Asker: 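Sharing a structure here in structure tokens format.
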Amino acid sequence: MKVGEMMNDDIIAAIATSRLEAAISIIRLSGKDCIAFVQDIFTGKILNKESHTITYGYIIDNNKKIDEVLVNIYRGKKTFTGEEMVEINCHGGVFITQKILQLCLNKGARMAERGEFSKRAFLNGRIDLSQAEAITDLISAKNDYSVSLALRGIQGNISDFIKDLKEDLIQIITQIEVNIDYPEYDDVEELTAMSLLPKSETLLKKMNKIINESKNVHLMKDGISTVIVGKPNVGKSSLLNALLQENKAIVTDIAGTTRDIVEGSIRIDNIILNMIDTAGIRSTDDIIEKMGVEKSKELIYKADLVLLVIDGSKELEKEDQELLDITKDTNRIVIVNKKDEGKVINIEGINISAKENDIELLIEKIKEMFELGYIVSSDEELVTNARQLQLLEKANQSLDIAINEMREGITTDLIVTDLYDAWENLREILGEQAKEDLLDELFKRFCIGK
């Protein structure tokens, strides 16, 4: 379906506020002639009112007053959905809110599907797909950074960035297409693959930069998946409790106490750590404990961050060395625990005392490793979700292939296929149909028929 092409023009209705009791509830309607539709059940005069005005009155059913309300009306194509909208602000009782919604449905409105108001906004060209996704991100935001990112997406910052990439790409594509289709034109410069390289490489560099900087976005939005590993009795559970500031994990002197996975989340300077305390990793004949050890090893390779805890009050043992080897290719921090008992071990790491809640150096190290301070303060646009990032990476790969073909001197008519692939992936980020408007762009930019 093309942007701007509606599936139908029926009136949809839904409760836009919480389904719990509150001071005010809002019933939202959208669709062709929905202002006239609401006028039939409202005592206030709204038919001739200007857009974005509020009118006082009563919702009525067969002349019987249902509730005292304020009604907002929105006209024209600059509403959220791109069509007429009405919002009925009623008293926030569950019963009365449902009663007004049911009245609207009985009069011929249709219950809106999940996300249908945003879907209509997208189909009517009021927002693109990246902005629609940003609305969802705003609703599910877990911290200030997530809110900031989502608002930038809703305002179209991501859209503008992707459109700029499309603009750069189309300039390259149009140059090739004109040379292929109209080689006889004197004012069309003969193009070679090598002459396309500078602009293509600049575009690739721009894509690479935003992809690399966007990969840490999920760490700020959803939290850093953090696994605590170590042999038994090194203080893993004590560290988890110190980080969580609660006694969630069992702490004893008995080796193998933690046999399963213990989880919890903490917030540090607006950063979320999703903590997992694993079973102590050691050789064991206990079947249940052995299963916990295997789970621990699996989690090591899935985590964004591995906290390897070593008992600093004892000499390094074989099991410690094995863990150092297992985690050497992961994003890890080596933690030398039990600082309060005196350091015996000679190994480089962050010295802490989980028992005494002395973990400040560890917190600073985590922030330093992920450069989250830079991400928070960055004014550059970041791709905010997995779908967008995946499509941007696919566009990047297609452009990279085209660049390699340029370097090898392959003819431009073959190179343009990969450039088209990159273009289509960028369009998909915004939810546009791929390649349909490309010819229009070509004719707009070049006076082909002169």
Side-chain angles (χ1 to χ4, degrees), residues 1-129 131-136 138-139 154-155 431:
M1 180 176 294
K2 296 179 183 178
V3 173
E5 181 182 302
M6 280 299 303
M7 296 168 61
N8 49 52
D9 56 8
D10 58 348
I11 294 172
I12 57 173
I15 299 169
T17 46
S18 171
R19 272 45 172 186
L20 303 176
E21 287 189 2
I24 294 173
S25 290
I26 298 174
I27 294 96
R28 174 181 285 178
L29 299 97
S30 182
K32 185 179 180 182
D33 298 328
C34 77
I35 294 175
F37 174 87
V38 172
Q39 182 65 88
D40 286 343
I41 59 171
F42 181 52
T43 60
K45 305 303 180 186
I46 56 175
L47 277 180
N48 298 316
K49 286 282 184 76
E50 293 182 0
S51 180
H52 293 72
T53 56
I54 304 175
T55 304
Y56 168 82
Y58 289 87
I59 294 295
I60 56 173
D61 182 12
N62 294 323
N63 294 321
K64 179 183 177 182
K65 291 180 180 178
I66 303 298
D67 191 22
E68 183 183 32
V69 300
L70 293 173
V71 170
N72 300 38
I73 65 168
Y74 306 93
R75 299 183 184 274
K77 295 185 177 180
K78 291 190 176 181
T79 66
F80 174 69
T81 58
E83 57 194 16
E84 275 192 1
M85 291 186 66
V86 175
E87 290 181 344
I88 301 171
N89 301 266
C90 65
H91 288 94
V94 174
F95 175 77
I96 196 65
T97 305
Q98 289 287 350
K99 188 174 179 66
I100 295 173
L101 174 62
Q102 191 59 52
L103 175 62
C104 293
L105 299 179
N106 292 343
K107 294 290 184 179
R110 174 173 62 79
M111 188 70 182
E113 298 173 1
R114 291 176 66 90
E116 191 168 0
F117 289 94
S118 296
K119 181 180 179 182
R120 288 196 174 196
F122 167 66
L123 292 174
N124 282 324
R126 291 291 294 137
I127 58 174
D128 59 45
L129 200 54
Q131 290 172 295
E133 289 171 323
I135 293 171
T136 303
L138 183 61
I139 293 170
I154 291 171
Q155 291 163 359

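Note that this is a predicted model, so its numbers are computed, not measured. Along the sequence shown, the residues carry numbers beginning at 1. All heavy atoms count here, side chains included; hydrogens, waters and symmetry mates do not.
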Asker: Once you round to the nearest 0.5 Å, how far does OG of S30 lie from CD of E87?
Answerer: 10.0 Å
Asker: Keeping the roles fixed (side chain from T43, backbone from Y58), state whether a donor-acceptor pair exists under 3.5 Å.
Answerer: yes
Asker: Should we say atom CZ of R19 is surrounded by more than 12 heavy atoms from elsewhere, each under 6.0 Å from it?
Answerer: yes
Asker: Would you mind reporting whether E84 and R75 have side-chain heavy atoms less than 4.5 Å apart?
Answerer: yes
Asker: Any side-chain heavy-atom pair from I41 and I100 closer than 4.5 angstrom?
Answerer: no
Asker: Check whether any side-chain N or O of R126 sits under 3.5 Å from a backbone N or O of T79 as a donor-acceptor pair, and report yes or no.
Answerer: yes
Asker: Taking D61 for the side chain and K64 for the main chain, is one N or O donor matched with an acceptor at less than 3.5 Å?
Answerer: no
Asker: Can you pull out every ring-ring contact (aromatic ring centres under 6.0 Å, His included) where at least one residue sits in residues 78-99? Sequence neighbours excluded, please.
Answerer: none
Asker: Once rounded to the nearest 0.5 Å, what's the spacing between atom CD1 of I73 and atom CG of L29?
Answerer: 13.0 Å
Asker: Going by side chain to side chain donor-acceptor pair (under 3.5 Å), name the residues that satisfy it together with Q39, two or more places apart in sequence or in a different chain.
Answerer: none
Asker: Sequence neighbours excluded, which residues qualify as side chain to side chain contact (heavy atoms under 4.5 Å, CB included) partners of I154?
Answerer: A134, I135, L138
Asker: May I have all residue pairs that pass salt bridge (Lys or Arg N to Asp or Glu O under 4.0 Å) and include part of residues 42-57, sequence neighbours excluded?
Answerer: none
Asker: According to ring-ring contact (aromatic ring centres under 6.0 Å, His included), who are the partners of H52, at least two apart in sequence or on a separate chain?
Answerer: Y74
Asker: Measuring from I96:CD1 to K99:NZ, what's the distance to the nearest 0.5 Å?
Answerer: 6.5 Å
Asker: Counting neighbours of CD on Q155 that are heavy atoms of other residues, nucleotides or ligands and sit closer than 6.0 Å, is the number greater than 12?
Answerer: yes
Asker: Could you point out which residue of L101, I88, V94 forms a side chain to side chain contact (heavy atoms under 4.5 Å, CB included) with I15?
Answerer: L101
Asker: Just to verify, what does L70 make a side chain to side chain contact (heavy atoms under 4.5 Å, CB included) with, not counting sequence neighbours?
Answerer: I54, Y56, N89
Asker: Within the 4.5 Å heavy-atom criterion, are T55 and F42 side-chain neighbours or not?
Answerer: yes
Asker: What residues, two or more places apart in sequence or in another chain, satisfy side chain to side chain contact (heavy atoms under 4.5 Å, CB included) together with S25?
Answerer: T17, C90, T97
Asker: With sequence neighbours left out, write down each residue that passes side chain to side chain contact (heavy atoms under 4.5 Å, CB included) with A16, or none if nothing qualifies.
Answerer: I26, R28
Asker: Only one of I11, L105, I12 forms a side chain to side chain contact (heavy atoms under 4.5 Å, CB included) with R110, so which one is it?
Answerer: I12
Asker: Rounded to the nearest 0.5 Å, what's the gap from CG on N124 to CD on E83? Could you check?
Answerer: 5.5 Å
Asker: Please report the interatomic distance CG(D67) to CG(L103), rounded to the nearest 0.5 Å.
Answerer: 11.5 Å
Asker: Taking everything shown except I24 itself, do over 12 heavy atoms lie less than 6.0 Å from its CD1?
Answerer: no
Asker: Please report the closest heavy-atom contact between A14 and F117, naming both atoms and the distance.
Answerer: CB-CE1, 3.9 Å
Asker: Tell me, please, which residues at least two apart from Q102 pass side chain to side chain donor-acceptor pair (under 3.5 Å).
Answerer: N106
